[in-house]
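Have a look at the structure below, then the notes.
Numbers here are sequence positions counted from 1.
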Amino acid sequence: MLWFYVKIAPFGLRMYHGYFISHNRAKDASLDLAYGPLPRNRVDVYTQPTTKQDLNAIPDVAQECAVLAPMVVFIHGGAWSSGGKHQYGTLARALQARGLAVAVANYTLHPAGQVQQMVRDLALLFKFIERNAHSFGADLRRVYVVGHSAGAHLLALYMARLALLKQHGEEIGLGEHYRSFLDDTHLLSDITIQAFVGIGGPYHIADHYVHESSRGVENLSAMKPAMGGIPNFDHHSPTALLNEAELQPGALPPTYLLHGTVDGTVPSSSSVKFAEALKKGGHDVELHLVEGVGHSDFILHLMNDRSTQHQEMMDHLVSLLLRPTGDQS
């Protein structure tokens with residue numbers, strides 16, 4: 001993660017100024033909204049210009065879609081122990097400029113909580129969005145999610161857990177320690193996520209621990225304690241869950257996995273194996289392995305609106321998110 005902060009240094013002051021000064025004064029953004037009771041249950045929402053008068057005048061579903069905007073929910077990375085929504089204001093603004101409502105959320109980080117709390121936070125977040133989407137000018141029928149690194153892992157885990165719960169009526173493959181959804185079924189959102197873009201995600205925790213060990217960072221990384229120890233690795237691995245559980249085809253949204261071939265932090269084999277598990281289960285998945293790209297490159301180009309590749313990367317992201325259902329070309 002240190003290397004990530006070194007890389008954002010050249011545009012860091014502009015990024016922080018834009019967020020803490022310019023964005024706070026803007027009328028088309030609602031910053032630091034509480035979506036739950038914990039200190040980091042906070043979300044920034046970049047809205048689209050829909051008024052209550054607009055909504056009251058909508059006579060049918062077709063016209064409602066024309067008035068309301070698609071919404072993108074972005075979950076940041078940071079090895080389950082760092083990062084924050086304030087870093088992604090320029091990314092959110094670029095998506096907003098393309099006609100999207102955008103939510104960028106914080107969530108509980110280790111050591112304040114473990115992964116089960118982080119997944120619970122996502123459940124709270126989506127319930128909050130479900131209740132407030134119209135006030136953000138967002139269409140609940142067109143909600144898309146994007147995650148980077150640990151954020152991609154958490155989104156994949158949340159969606160797999162939720163799909164298993166809805167299909168089986170209970171959370172399977174969790175162990176007795178994990179009851180975040182079962183104890184609080186009122187948290188379950190009825191939002192149907194239309195597409196998931198995962199960027200550089202570690203989807204198989206045991207594999208990633210082997211990789212961390214090969215780099216000599218397994219005891220420096222927050223991953224093992226954030227997962228609750230080695231015995232829980234498979235409980236928190238989307239790839240392992242899909243390989244072990246029977247999940248109906250189509251229970252997960254169309255998935256687009258982006259991964260650089262020279263990613264030294266999370267090897268591209270993570271996305272390759274996750275894609276294989278999704279495909280084996282009959283789920284729509286598309287794997288994009290990009291030559292010469294490292295772990296932070298995708299997200300840095302999306303964050304930095306002065307990057308020479310910002311426009312290309314952003315257009316590619318939006319084209320994946322808004323691709324018509326069933327078109328995996």
Side-chain angles (χ1 to χ4, degrees), residues 70-75 103 105 107 115-130 133 140-147 150-199 201-206 227 232-257 270-271 273-287 320-321 323 325-326 328:
M71 170 168 264
V72 176
V73 180
F74 179 81
I75 304 299
Y107 52 89
V115 165
Q116 57 263 39
Q117 180 60 56
M118 301 176 199
V119 174
R120 177 186 169 87
D121 287 353
L122 293 191
L124 287 167
L125 172 65
F126 284 105
K127 196 65 179 179
F128 173 82
I129 290 171
E130 181 181 57
L140 281 176
R141 290 176 299 273
R142 295 183 289 165
V143 175
Y144 308 85
V145 298
V146 179
H153 162 262
L154 291 171
L155 280 169
L157 184 60
Y158 165 78
M159 290 185 291
R161 292 257 181 257
L162 185 58
L164 287 168
L165 176 57
K166 289 183 175 180
Q167 180 174 315
H168 296 279
E170 62 179 348
E171 290 185 281
I172 63 175
L174 294 169
E176 290 300 316
H177 70 289
Y178 195 109
R179 287 292 181 270
S180 67
F181 285 148
L182 284 178
D183 285 349
D184 297 286
T185 53
H186 68 283
L187 297 181
L188 299 182
S189 167
D190 290 326
I191 294 174
T192 299
I193 294 170
Q194 298 301 305
F196 164 50
V197 175
I199 304 172
Y203 305 108
H204 196 294
I205 300 304
M227 302 297 153
N232 294 317
F233 280 0
D234 281 353
H235 299 326
H236 301 311
S237 297
T239 302
L241 282 177
L242 291 180
N243 283 331
E244 295 173 8
E246 293 185 3
L247 194 58
Q248 293 175 350
L252 296 173
T255 296
Y256 305 95
L257 302 176
S270 172
S271 287
K273 290 182 178 181
F274 188 39
E276 290 172 350
L278 286 163
K279 192 170 295 184
K280 181 181 176 182
H283 307 287
D284 290 336
V285 59
E286 195 172 288
L287 177 64
L320 292 178
L321 291 172
R323 180 177 293 178
T325 304
Q328 293 282 304

Gln116/His236 under side-chain contact (heavy atoms from CB on, under 4.5 Å): CA gap, chis, key distance, verdict: CA-CA 8 Å; Gln116 57 263 39; His236 301 311; 3.9 Å; yes
Kindly determine whether Asp121 and Leu154 satisfy side-chain contact (heavy atoms from CB on, under 4.5 Å), including the steps that lead there. CA-CA 10 Å; Asp121 287 353; Leu154 291 171; over 6 Å; no
Stepwise side-chain contact (heavy atoms from CB on, under 4.5 Å) check, Val145 with Ile75: CA-CA 8 Å; Val145 298; Ile75 304 299; over 6 Å; no
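Taking CG of Leu242 as the start and NZ of Lys280 as the end, the distance is 10.5 Å to the nearest 0.5 Å. Rounded to the nearest 0.5 angstrom, Leu241 CG and Asp234 CG are separated by 8.0 Å. Distance check, rounded to the nearest 0.5 Å: CG of Leu122 to CD of Gln117 gives 10.0 Å.
Taking all atoms of both residues into account, the shortest heavy-atom contact from Ala195 to Leu321 is CB-O, 4.1 Å. Minimum heavy-atom separation, Ala156 to Pro238: CB-CG, 3.8 Å. The two atoms that bring Ser189 and Lys166 nearest to each other are O-NZ, 3.4 Å, heavy atoms only. When all heavy atoms are compared, the tightest approach of Pro249 to Gly282 is CB-O, 3.5 Å. Closest approach of Ala251 and Ala163 over heavy atoms only: O-CB, 3.9 Å. For the pair His204 and Ser270, the tightest heavy-atom approach, listed with the atom from each and the gap, is N-OG, 4.4 Å.
Using a 4.5 Å cut-off on side-chain heavy atoms (C-beta onward), Val115 and His153 make contact. Contact check for Arg323 versus Leu320: side-chain heavy atoms found under the 4.5 Å cut-off. Using a 4.5 Å heavy-atom threshold, the side chains of Leu287 and Phe274 count as separate. Contact check for Tyr107 versus Leu125: no side-chain heavy atoms found under the 4.5 Å cut-off. With a 4.5 Å cut-off on side-chain heavy atoms, Leu157 and Met118 do not count as touching. A 4.5 Å side-chain heavy-atom check between Val73 and Phe126 finds at least one atom pair inside the cut-off. Met71 places a side-chain heavy atom less than 4.5 Å from the side chain of Ile129.
Annotation: side-chain contact (heavy atoms from CB on, under 4.5 Å) contacts of Glu276 (sequence neighbours excluded): Val272, Lys273. In terms of the ring-ring contact (aromatic ring centres under 6.0 Å, His included) criterion, residue partners of Phe74 (sequence neighbours excluded) are, by chain and number, Tyr88.
Without hydrogens or angle criteria, Gln167 side chain to Gln248 main chain gives a donor-acceptor distance under 3.5 Å. Formation of a donor-acceptor pair under 3.5 Å by the Thr255 side chain with backbone atoms of Phe196 is not found in this model.
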